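To start, the structure under review is shown below, and the notes come after it.
Please read all numbers here as calculations on a predicted model, not as lab measurements.
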Amino acid sequence: MKLGFGKKKLNKATAEDQVAEKTVPETPAEEKNPNGKKTVISIRNLHKAYGEKKVLKGLDLDVYEGELFGFIGKNGIGKSTTIDCIIGSKKFDEGVITLDGFDVKQEPIDAKYSFGYVASEPSCYEVMTGYDYLEFIASIYQITEGDFVRNYKYLCGRLSLDEAELSNPIFGYSHGMKQKLCLVASLLHNPKIWMLDEPTVGLDIMAVEELKKMMREYANHGKTVFVTSHNIELVAKICDRVAIVNEGKVVSLFDLNKDPNRRIQLSKIFMETYRSR
C-alpha cells in the first residue's frame with residue numbers, strides 16, 4: 001500500500017508548493033493573558049445538550065502556550081464532550097472555541113492543523129499495518145518524507161514501540177501497542193497543541209513514565225499539552241494548572257506552580273467538589 005509518500009520519494013517541487021499553500025497557515029493576531037503568554041485554547045460560553053440532557057452549560061476556559069494543563073472531573077461530567085467539541089468531532093449548541101487563534105467552526109481546517117489528539121480508546125484503521133497508518137496520517141498533514149521517517153523513528157524509540165511490529169496489521173496489536181501507535185501518530189506533525197484523553201489507559205508502567213516525561217518536555221518547548229485523566233495523583237504531579245468541571249462548567253481552577261500545596265490537596269479538593277454539590 002502506498003499512501004502519499006513513505007517509501008516513495010516525494011517530488012520536491014510539489015512538496016514545497018503544498019507547504020507554501022497550506023501546511024503552515026498564517027496565525028492571526030495573538031491574544032495574551034496578563035502574564036504575557038499566548039492563549040492557545042479559548043472556550044467561551046460553551047453549551048452542549050443531548051436531547052433534553054444539558055451536559056455543558058456555559059463552560060469558559062483559557063489554556064496558554066507552554067503549559068501542561070489538566071482537565072478533570074468525575075465520569076459523565078462533560079470532559080470528553082468538551083474535548084469532542086474542541087477537536088470538531090461534535091457540534092456544540094452555543095459558544096465559541098478557538099485553537100491557536102482559529103475558530104473551530106469558521107476555520108475548521110486551520111484549527112485542526114494546530115493539534116494532535118489521542119482518544120481514551122485507541123482509534124485507528126486496524127486493517128492497515130502500523131507503518132501504513134502512520135504514513136497515512138503523515139500524508140494528511142503533508143509532512144515531507146524525511147521529516148516523517150525522522151519523526152516516527154524518534155517517537156517509536158521514546159515509547160518502545162518495536163519498529164518491526166509496524167509491518168504487521170494493527171488488528172493483531174495489543175491495547176497498549178495500539179495506544180502507543182496513536183500517540184506516535186498524534187505527534188508526527190509536531191502540533192502546537194497535544195490533546196490527550198485518558199492517555200495512560202492500557203500502557204505499562206515504563207510507557208506511562210516515558211509519556212509523563214514527553215508531556216513535560218513538550219510543554220517546556222513552548223507547546224501546549226491538554227490532558228484529562230482519572231489519575232488525580234498523576235495530574236497533581238505533572239500539570240502546571242488544573243481545572244475541575246462540574247454541572248457543565250469549570251468550578252475550580254488552580255495554578256499548581258504558584259500554590260504547590262494544591263498538588264498535595266488536589267485529591268481532597270476533587271472529592272469535596274462533588275460532595276458539596
Q. With side chains defined as the heavy atoms from C-beta onward, is the minimum distance between Val250 and Ile244 less than 4.5 Å?
A. no

(Q) Please check this pair: side chain of Tyr218 against backbone of Lys213, looking for a donor-acceptor N/O pair closer than 3.5 Å. (A) no

Q) Taking Thr224 for the side chain and Tyr64 for the main chain, is one N or O donor matched with an acceptor at less than 3.5 Å? A) yes

Q. Are Met214 and Leu187 side-chain neighbours, meaning at least one heavy-atom pair lies under 4.5 Å?
A. yes

Q | Note, Leu56 side chain near Thr81 side chain (heavy atom, < 4.5 Å) | A | yes

Q: For the pair Asp60 and Ile43, evaluate side chain to side chain contact (heavy atoms under 4.5 Å, CB included) and give the outcome as yes or no after the intermediate values.
A: CA-CA 5 Å; Asp60 293 303; Ile43 304 174; 5.9 Å; no

Q. Do Phe171 and Phe136 belong to the same hydrophobic cluster, where Ile, Leu, Val, Met, Phe, Trp and Tyr are linked whenever their side-chain heavy atoms lie under 4.5 Å apart, directly or via other members?
A. no

(Q) Between Gln179 and Thr200 (side chain of the first, backbone of the second, donor and acceptor by atom type, cut-off under 3.5 Å), is there such a pair? (A) no

**Q.** salt bridge (Lys or Arg N to Asp or Glu O under 4.0 Å) between Glu247 and Lys57, worked out
**A.** CA-CA 7 Å; Glu247 297 180 352; Lys57 307 172 186 177; over 6 Å; no

Q.
Regarding Glu210 and Arg158, does a basic nitrogen lie under 4.0 Å from an acidic carboxylate oxygen?
A. yes

Q.
Count I, L, V, M, F, W, Y as connected when their side-chain heavy atoms are under 4.5 Å apart, and connections chain through other members. Are Phe254 and Ile264 then in the same cluster?
A. no

Q | Lys105 to Phe92, cation-pi by 6.0 Å centre distance and 45° axis angle | A | yes

Q.
So that I know where these two stand, are Tyr131 and Tyr152 an aromatic pair - ring centroids less than 6.0 Å apart?
A. yes

Q: Determine the sole option in Arg262, Lys258, Arg216 for which the salt bridge (charged side-chain N to carboxylate O under 4.0 Å, His left out) test with Asp240 is passed.
A: Arg216

Q: Assess whether salt bridge (Lys or Arg N to Asp or Glu O under 4.0 Å) is satisfied between Asp255 and Arg241, documenting all intermediate values.
A: CA-CA 4 Å; Asp255 189 321; Arg241 291 194 302 144; 5.4 Å; no

Q) Would you say Glu94's side chain and Lys48's backbone share a donor-acceptor pair under 3.5 angstrom? A) no

Q: Could you tell me whether the side chain of Tyr274 and the main chain of Lys74 form a donor-acceptor pair under 3.5 Å?
A: yes

Q.
Do His230 and Asn75 pair up side chain to side chain, a donor and an acceptor below 3.5 Å, judged on atom types alone?
A. yes

Q.
Is the ring pair Phe226/Phe71 parallel, tilted or perpendicular, if the boundaries are 30 and 60 degrees?
A. tilted

(Q) Any heavy-atom pair between the side chains of Val184 and Leu159 that's under 4.5 Å? (A) yes

Q.
Is there a side chain to side chain contact (heavy atoms under 4.5 Å, CB included) between Lys268 and Leu266? Walk through the geometry before answering.
A. CA-CA 5 Å; Lys268 181 180 178 181; Leu266 189 59; over 6 Å; no

Q. If you measure from the Lys or Arg side-chain nitrogens to the Asp or Glu carboxylate oxygens, is any gap between Glu209 and Lys212 under 4.0 Å?
A. yes

Q: Compare all side-chain heavy atoms of Leu183 with those of Leu203 and state whether any distance is below 4.5 angstrom.
A: yes

Q) Quick one: do Val201 and Trp194 end up in the same hydrophobic cluster if we chain Ile, Leu, Val, Met, Phe, Trp and Tyr together by side-chain heavy atoms under 4.5 Å apart? A) no

**Q.** Test item: side-chain donor near acceptor, Glu121 and His175, under 3.5 Å
**A.** yes

Q: State whether Lys91 and Asp84 are salt-bridged, where the test is any N-O pair (Lys NZ or Arg NE/NH1/NH2 against Asp/Glu carboxylate O) under 4.0 Å.
A: no

(Q) If hydrophobic clusters are built from ILVMFWY residues whose side chains come within less than 4.5 Å, do Val96 and Leu59 share one? (A) no

Q) Would Asn190 and Lys223 count as having a side-chain donor-acceptor pair, cut-off 3.5 Å? A) yes

Q: Examine distances only and state if a side-chain atom of His221 and a backbone atom of Gly66 form a donor-acceptor pair shorter than 3.5 Å.
A: no

